[in-house]
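As the structure is a prediction and not an experimental result, all values here were calculated from the model. Labels below follow one simple rule: chain letters A, B, ... track the order of the sequence lines, proteins then strands, and each chain is numbered from 1. All values below come from the heavy atoms of this structure, side chains included, with hydrogens, waters and symmetry mates left out.
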2 protein chains.
Amino acid sequence: MHRHESHDACHTGVGDMLARAEAVCRERGLQFTPLRREVMEAVAEAGKAQGAYDIAEKLSAPGKRVAPVSVYRALDFLMQQGLVHRIASRNAFIPCAHGHAPGEGVVFLICRTCGLVDEASSEELEDGLDRTLKRAGFTPAHTILEVEGDCGACRERQQPS
Amino acid sequence: MHRHESHDACHTGVGDMLARAEAVCRERGLQFTPLRREVMEAVAEAGKAQGAYDIAEKLSAPGKRVAPVSVYRALDFLMQQGLVHRIASRNAFIPCAHGHAPGEGVVFLICRTCGLVDEASSEELEDGLDRTLKRAGFTPAHTILEVEGDCGACRERQQPS
DNA sequence: GCGGCGGTGATACACTGTAACACTCCCGCC
DNA sequence: GGCGGGAGTGTTACAGTGTATCACCGCCGC
């Protein structure tokens, strides 16, 4: 679904993501401020999951320091709008590749070799989870589903068949 | 599968867990040292997920301080043996309720009201995940699946039908 | 005895995230 | 024009989580 050959134009494309973010904010009457834009851009450009402090450092230049707390605030905003996701197992953030409804089941595929994070969603998987939860008498509010392993590209690269 | 009425005798029972831990270590030729036993006990007794610093505090007494580092080392050991699990979304640790093979699919059900964490496993769910990963060309090494929500007991308690 | 190894103690540190407060900017309103 | 008021940001300080490093101890084998 997504190709990962290079660092630029990864996923949906940085430009597309920024455009979508802007559209979402305008549509909801929210501000897409310069800082939020820069943070979104930094996350989108990275190609792999970024820590909040990494982003802060990237956005800082001699004479213009961006504090981590500002980055966190922007990230919180972007997460609320579903524009970025948090990878709990890495304490890091990625851009949302495909717009999904909030609460929809998504799996994060984290390659331990190249560090790229892909998203996958599956109705079958979601149904299975729903049934399992119902059987346990549990009402879900928020689900974290992250898989660490090797992506296809890295596997081929390591043992060229 | 597990009852959660009180804090003691929760899950499989503290005694059983300690016995199993000891057996596992003996079987594998590993040391079940006093510190490891105390940490295992603290996690098993708690009834809900414990932070490493909570455990360190609980094990410390006037005159006998247990540093968090030591707790982390014991927890790492216990996790390697599959005796405790880490809840990534809470930075906390729970005892493993039922012995499962390493890598087997397990869902953690985290009640946001009472804080108790239950484990559920489902072949159906696991199959769904496997197929989703295969379709994405991804080879899994480690999976995190945590659901936050309301457990049956808490739901009944809040809105007694 | 002596060396090695696993486990532990202890200090310091890095990384992650939040609280609290001040300031600015913009907008609506009198 | 003056005057709140709210959203966003800057800044400092701090809490929480996890790791690196070194020293020490006890045990086992040689």
Side-chain angles (χ1 to χ4, degrees), chain A residues 21-22 25-26 28-43 46 48-81 83-94 115 144 146, chain B residues 21-22 25-26 28-43 46 48-81 83-94 115 144 146:
Chain A
E22 194 165 1
C25 289
R26 192 169 39 236
R28 300 178 190 171
L30 302 169
Q31 303 182 42
F32 194 53
T33 65
L35 177 63
R36 289 172 181 173
R37 180 184 193 85
E38 285 174 49
V39 170
M40 185 73 220
E41 201 171 357
V43 174
K48 60 184 208 174
Q50 293 288 294
Y53 279 67
D54 296 335
I55 298 170
E57 195 176 347
K58 193 194 286 189
L59 296 186
S60 292
K64 175 211 168 202
R65 176 180 124 86
V66 177
V69 61
S70 301
V71 174
Y72 276 112
R73 282 191 289 229
L75 286 171
D76 286 343
F77 171 84
L78 295 170
M79 278 194 290
Q80 274 175 18
Q81 308 314 318
L83 296 168
V84 312
H85 297 298
R86 181 187 150 79
I87 306 296
S89 59
R90 294 267 176 132
N91 297 326
F93 303 84
I94 59 165
I144 297 173
E146 302 172 6
Chain B
E22 194 165 1
C25 290
R26 191 170 38 238
R28 300 179 190 171
L30 302 169
Q31 303 182 43
F32 194 54
T33 65
L35 177 63
R36 289 172 181 173
R37 180 185 193 85
E38 285 174 50
V39 171
M40 185 73 220
E41 202 171 356
V43 174
K48 59 184 208 174
Q50 294 287 294
Y53 279 67
D54 297 335
I55 298 170
E57 194 175 347
K58 193 194 286 190
L59 296 187
S60 292
K64 175 211 169 202
R65 177 179 123 88
V66 177
V69 199
S70 303
V71 175
Y72 276 111
R73 282 190 290 228
L75 286 171
D76 285 344
F77 171 84
L78 294 170
M79 279 193 292
Q80 275 176 17
Q81 308 313 317
L83 296 167
V84 313
H85 297 298
R86 180 186 152 80
I87 307 296
S89 59
R90 295 266 175 133
N91 296 325
F93 303 84
I94 59 166
I144 297 174
E146 301 173 7

Given [N], is OP1 or OP2 found less than 4.0 Å from the side-chain N or O atoms of [X]?
| X | N | answer |
| --- | --- | --- |
| B/Thr33 | C/dT8 | yes |
| A/Arg36 | D/dT9 | yes |
| A/Tyr53 | C/dC15 | no |
| A/Arg73 | D/dT9 | no |

What is the distance, to the nearest angstrom, from the [atom1] atom on [X] to the [atom2] atom on [N]?
| X | N | atom1 | atom2 | answer |
| --- | --- | --- | --- | --- |
| A/Asp54 | C/dA14 | CG | P | 16 Å |
| A/Phe77 | D/dG8 | CZ | C1' | 11 Å |
| B/Glu57 | D/dG16 | CD | C1' | 13 Å |
| A/Leu75 | D/dT9 | CG | P | 12 Å |
| A/Asp76 | D/dT9 | CG | P | 12 Å |
| A/Gln80 | D/dA7 | CD | P | 12 Å |
| A/Gln50 | C/dC15 | CD | C1' | 15 Å |
| B/Asn91 | D/dG18 | CG | P | 4 Å |

In Å, rounded to the nearest 0.5 Å, how long is the span from [atom1] of [X] to [atom2] of [Y]?
| X | Y | atom1 | atom2 | answer |
| --- | --- | --- | --- | --- |
| A/Glu41 | A/Ile55 | CD | CD1 | 12.0 Å |
| A/Ile144 | A/Ser89 | CD1 | OG | 9.0 Å |
| A/Lys48 | A/Ile94 | NZ | CD1 | 13.5 Å |
| B/Glu146 | B/Arg90 | CD | CZ | 9.5 Å |
| A/Gln31 | A/Arg26 | CD | CZ | 13.5 Å |

Checking contacts here: which listed nucleotide ([options]) is nearest the side-chain heavy atoms of [X]?
| X | options | answer |
| --- | --- | --- |
| B/Val69 | C/dA10, C/dT18, D/dG10 | C/dA10 |
| B/Leu35 | C/dT8, D/dG10, C/dG17 | C/dT8 |
| A/Tyr72 | C/dG17, D/dT19, D/dT9 | C/dG17 |
| A/Gln31 | D/dA7, C/dG9, D/dG10 | D/dA7 |

Mind checking A/Val66 for me? I need base, sugar-phosphate or nothing, with any heavy atom below 4.0 Å counting as a touch. nothing

Answer with base, sugar-phosphate or nothing: what part of the nucleic acid does A/Arg86 contact at a heavy-atom distance below 4.0 Å? sugar-phosphate

